[in-house]
**Student:** 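Before I ask anything, let me first share the structure, which is written out below as structure tokens.
Keep in mind that the numbers below use all heavy atoms, side chains included, and drop hydrogens, waters and symmetry copies. Starting from 1, each residue takes its place in the sequence as its number.
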Amino acid sequence: MALAINVSLSSSGISSSSFPSSELKVSQIGSLRLSDRINVSAASLSFSGKRSSVKPLNVQSITKESMVSQAASMVASEVTEKLDVVEVEDFEELAKRLENASPLEIMDKALEKFGNDIAIAFSGAEDVALIEYAHLTGRPYRVFSLDTGRLNPETYRLFDTVEKHYGIRIEYMFPDAVEVQALVRNKGLFSFYEDGHQECCRIRKVRPLRRALKGLRAWITGQRKDQSPGTRSEIPVVQIDPVFEGLDGGAGSLVKWNPVANVEGNDVWNFLRTMDVPVNTLHAAGYVSIGCEPCTRAVLPGQHEREGRWWWEDAKAKECGLHKGNIKENNNGNATANVNGTSTVADIFKSENVVNLSRQGIENLMKLENRKEAWIVVLYAPWCPFCQAMEASFDELADKLAGNGVKVAKFRADGDQKEFAKRDLQLGSFPTILVFSKNSSRPIKYPSEKRDVDSLTSFLNLVR
């Protein structure tokens with residue numbers, strides 16, 4: 001008698017028509033759907049009914065049911081091992097194939113692959129474009145948002161408008177009330193201005209996000225490479241989430257899609273205007289990157305969009321924890337933003353009229369009490385996106401002032417020079433601009449964040 005076993009693998013697991021009472025599941029990463037079936041037929045598993053004259057030693061009698069169970073388990077185990085290894089490689093390959101794809105194509109692929117196990121993360125800013133792309137695919141989609149309790153009124157109004165515009169219900173996630181109460185009672189309402197935003201963000205954003213993602217196998221974000229050159233310049237369009245876990249638990253159990261990773265901010269806004277998509281009214285007031293009300297402000301000419309977030313902190317700390325995987329570690333185990341503040345990044349402010357000051361040079365400049373010329377000096381770090389954003393205006397200022405009795409200079413104040421710059425040069429964050437007038441020994445710190453040529457020139461004329 002020949003025994004045939006047919007085992008079919010689907011997205012829900014392994015089933016066998018030979019034993020309907022037992023259901024074997026295969027662990028998965030994401031909701032992987034395999035089109036191919038694995039068949040174990042009589043050709044591969046055939047047990048003859050003939051008797052053998054030699055009986056194996058120490059072998060228990062084997063029933064038909066046990067043989068079926070063992071064979072199915074062997075197949076399931078082998079397939080599971082292959083799935084666990086292949087899936088990560090598949091998403092890396094998929095990211096390469098979709099690198100030049102449009103956001104709409106990437107969104108369609110994400111929704112097709114994960115169905116109801118994926119959701120769009122909506123912050124109430126220009127990432128409303130993600131919802132429009134999902135709507136255009138014609139596929140069903142889910143949207144969730146983190147209500148920290150400290151969002152702008154304009155953001156709450158946008159949530160309501162978006163729900164009505166698309167006929168959806170946003171799935172709101174809230175922080176744990178006990179944790180928020182403990183933080184506020186112990187440290188006050190604005191402790192983040194004193195000891196950094198990470199603790200507050202961890203309670204109000206990261207932990208609620210973690211809970212939301214535990215019910216999903218994939219999520220969709222509005223990250224773009226040009227949003228933060230220090231932390232987001234290398235994000236792929238799809239990846240295994242390096243930080244959070246999904247429905248199945250464990251490393252590699254959550255997939256992260258970034259459909260607009262390769263799109264520039266101006267193109268996102270052209271799309272929003274063309275499609276007449278509802279947007280946050282704060283954008284019209286100069287807000288570009290929008291988060292919680294106490295930690296968000298409008299940006300000024302010459303500033304990078306992320307400079308409107310947590311402006312009292314260094315540029316490389318401009319992630320709240322939702323995309324912590326963007327922050328890499330250097331050899332000392334310290335968190336950095338893709339670069340570690342050393343010479344691995346190309347220098348900036350390259351005009352021939354910008355003087356490059358060494359430590360000795362700026363110390364000598366500080367000692368002079370009667371200078372022949374006034375000096376304007378920028379304390380900078382080349383990896384800082386806010387320094388990069390003002391490079392063009394500062395170079396233009398240098399060219400404009402050449403031969404007019406004012407020297408324009410730069411001093412790299414990160415790395416080993418940072419403590420010196422904090423102690424002796426009033427460095428608070430990058431960039432810091434100082435004016436050394438002719439008759440003052442102490443430099444005057446430029447107090448504004450308007451770094452366009454006209455603003456800098458006006459201040460220089462007042463103090464030089």
Side-chain angles (χ1 to χ4, degrees), residues 122-132 145-146 148 150-162 190 192-193 197 201 205 222-232 260 263-315 317-320 322-323 378 380 384-394 396-397 428-433 445-459:
F122 177 43
S123 69
E126 79 275 9
D127 53 356
V128 68
L130 298 175
I131 302 177
E132 178 68 15
S145 187
L146 307 177
T148 65
R150 305 201 71 169
L151 302 178
N152 290 278
E154 292 86 349
T155 300
Y156 289 115
R157 284 194 284 271
L158 177 65
F159 287 157
D160 182 66
T161 302
V162 166
F190 300 97
F192 37 81
Y193 290 141
H197 71 275
C201 284
K205 298 177 73 172
Q223 291 189 105
R224 302 193 321 270
K225 291 178 179 177
D226 69 338
Q227 281 175 326
S228 186
T231 65
R232 300 187 177 183
V260 293
V263 181
E264 294 186 356
N266 289 337
D267 292 329
V268 171
W269 274 100
N270 287 336
F271 172 73
L272 294 175
R273 295 186 187 100
T274 301
M275 303 306 295
D276 196 24
V277 174
V279 297
N280 198 318
T281 56
L282 287 173
H283 290 305
Y287 290 73
V288 182
S289 178
I290 300 174
C292 292
E293 186 277 331
C295 303
T296 304
R297 66 178 181 178
V299 294
L300 302 170
Q303 289 186 307
H304 187 274
E305 66 179 81
R306 294 292 283 184
E307 201 160 357
R309 304 287 294 278
W310 308 295
W311 55 90
W312 61 94
E313 298 181 3
D314 278 350
K318 304 286 183 173
E319 291 287 357
C320 60
L322 304 189
H323 306 294
V378 59
Y380 76 104
C384 169
F386 313 137
C387 297
Q388 295 167 5
M390 67 164 288
E391 179 180 15
S393 60
F394 199 72
E396 182 182 345
L397 178 70
S429 61
F430 296 118
T432 292
I433 300 173
K445 185 175 180 178
Y446 180 60
S448 173
E449 293 188 351
K450 293 183 177 180
R451 301 180 188 125
D452 57 287
V453 174
D454 291 341
S455 298
L456 291 172
T457 303
S458 296
F459 179 75

**Student:** Given 3.5 Å as the limit, does a donor-acceptor pair link the side chain of S455 with the main chain of R451, or not?
**Tutor:** no
**Student:** side-chain contact (heavy atoms from CB on, under 4.5 Å), that's the test. Do C201 and W310 meet it? Break it down for me.
**Tutor:** CA-CA 11 Å; C201 284; W310 308 295; 4.1 Å; yes
**Student:** Can you see which heavy atom on V299 is nearest to which on G308, and at what distance?
**Tutor:** CG1-N, 3.5 Å
**Student:** For G124 versus L158, what's the shortest heavy-atom pair and its separation?
**Tutor:** O-CD2, 3.2 Å
**Student:** Could you report the tightest heavy-atom contact between A285 and A298, atom names first, then the distance?
**Tutor:** O-CB, 3.6 Å
**Student:** Measuring only between side-chain heavy atoms, which start at C-beta, is T432 closer than 4.5 Å to K445?
**Tutor:** yes
**Student:** If you look at every heavy atom in P278 and T161, which pair is closest and at what distance?
**Tutor:** CB-CG2, 3.8 Å
**Student:** Taking the side chain as C-beta and beyond, is there a heavy-atom pair between F271 and E132 under 4.5 Å?
**Tutor:**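 Yes; the side chains approach each other to less than 4.5 Å.
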**Student:** Mind checking the CG-CE spacing from L456 to M390? Nearest 0.5 Å is all I need.
**Tutor:** 6.0 Å
**Student:** Ignoring hydrogens, what is the shortest heavy-atom contact between V288 and E126? Give both atom names and the distance.
**Tutor:**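 Closest approach of V288 to E126: O-OE1, 3.5 Å.
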**Student:** How long is the gap from CZ on R309 to OG1 on T296, to the nearest 0.5 Å?
**Tutor:** 4.5 Å
**Student:** Could you give the distance from SG (C292) to NZ (K205), rounded to the nearest 0.5 Å?
**Tutor:** 5.5 Å
**Student:** Between W269 and H283, does a side-chain contact (heavy atoms from CB on, under 4.5 Å) hold up when you go through it step by step?
**Tutor:** CA-CA 11 Å; W269 274 100; H283 290 305; 3.4 Å; yes
**Student:** Do Y193 and P294 touch side chain to side chain, with heavy atoms closer than 4.5 Å?
**Tutor:**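 When only atoms from C-beta onward are counted, P294 and Y193 do touch, with a gap below 4.5 Å.
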**Student:** To the closest 0.5 Å, what do you measure between CD (E396) and CG (D454)?
**Tutor:**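 One finds 8.5 Å between CD of E396 and CG of D454.
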**Student:** Would a distance-only check, ignoring hydrogens and angles, find a side-chain to backbone donor-acceptor pair under 3.5 Å from D127 to S123?
**Tutor:**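 Such a contact is found between D127 side chain and S123 backbone.
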**Student:** Once rounded to the nearest 0.5 Å, what's the spacing between atom CZ of F459 and atom CD1 of I433?
**Tutor:**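 Output value for this atom pair is 9.5 Å.
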**Student:** Mind checking the SG-CZ spacing from C295 to F190? Nearest 0.5 Å is all I need.
**Tutor:** 9.0 Å
**Student:** Verify side-chain contact (heavy atoms from CB on, under 4.5 Å) between F122 and L130, making sure each step is shown before the conclusion.
**Tutor:** CA-CA 8 Å; F122 177 43; L130 298 175; over 6 Å; no
**Student:** Would the distance check show the side chain of Y446 and the main-chain N or O of K450 forming a donor-acceptor pair, the cut-off being under 3.5 Å?
**Tutor:**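 Judged by distance alone, yes, a pair lies under 3.5 Å.
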**Student:** Tell me if a side-chain donor or acceptor on N280 pairs with a main-chain N or O of L282 at a distance below 3.5 Å.
**Tutor:**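 Yes.
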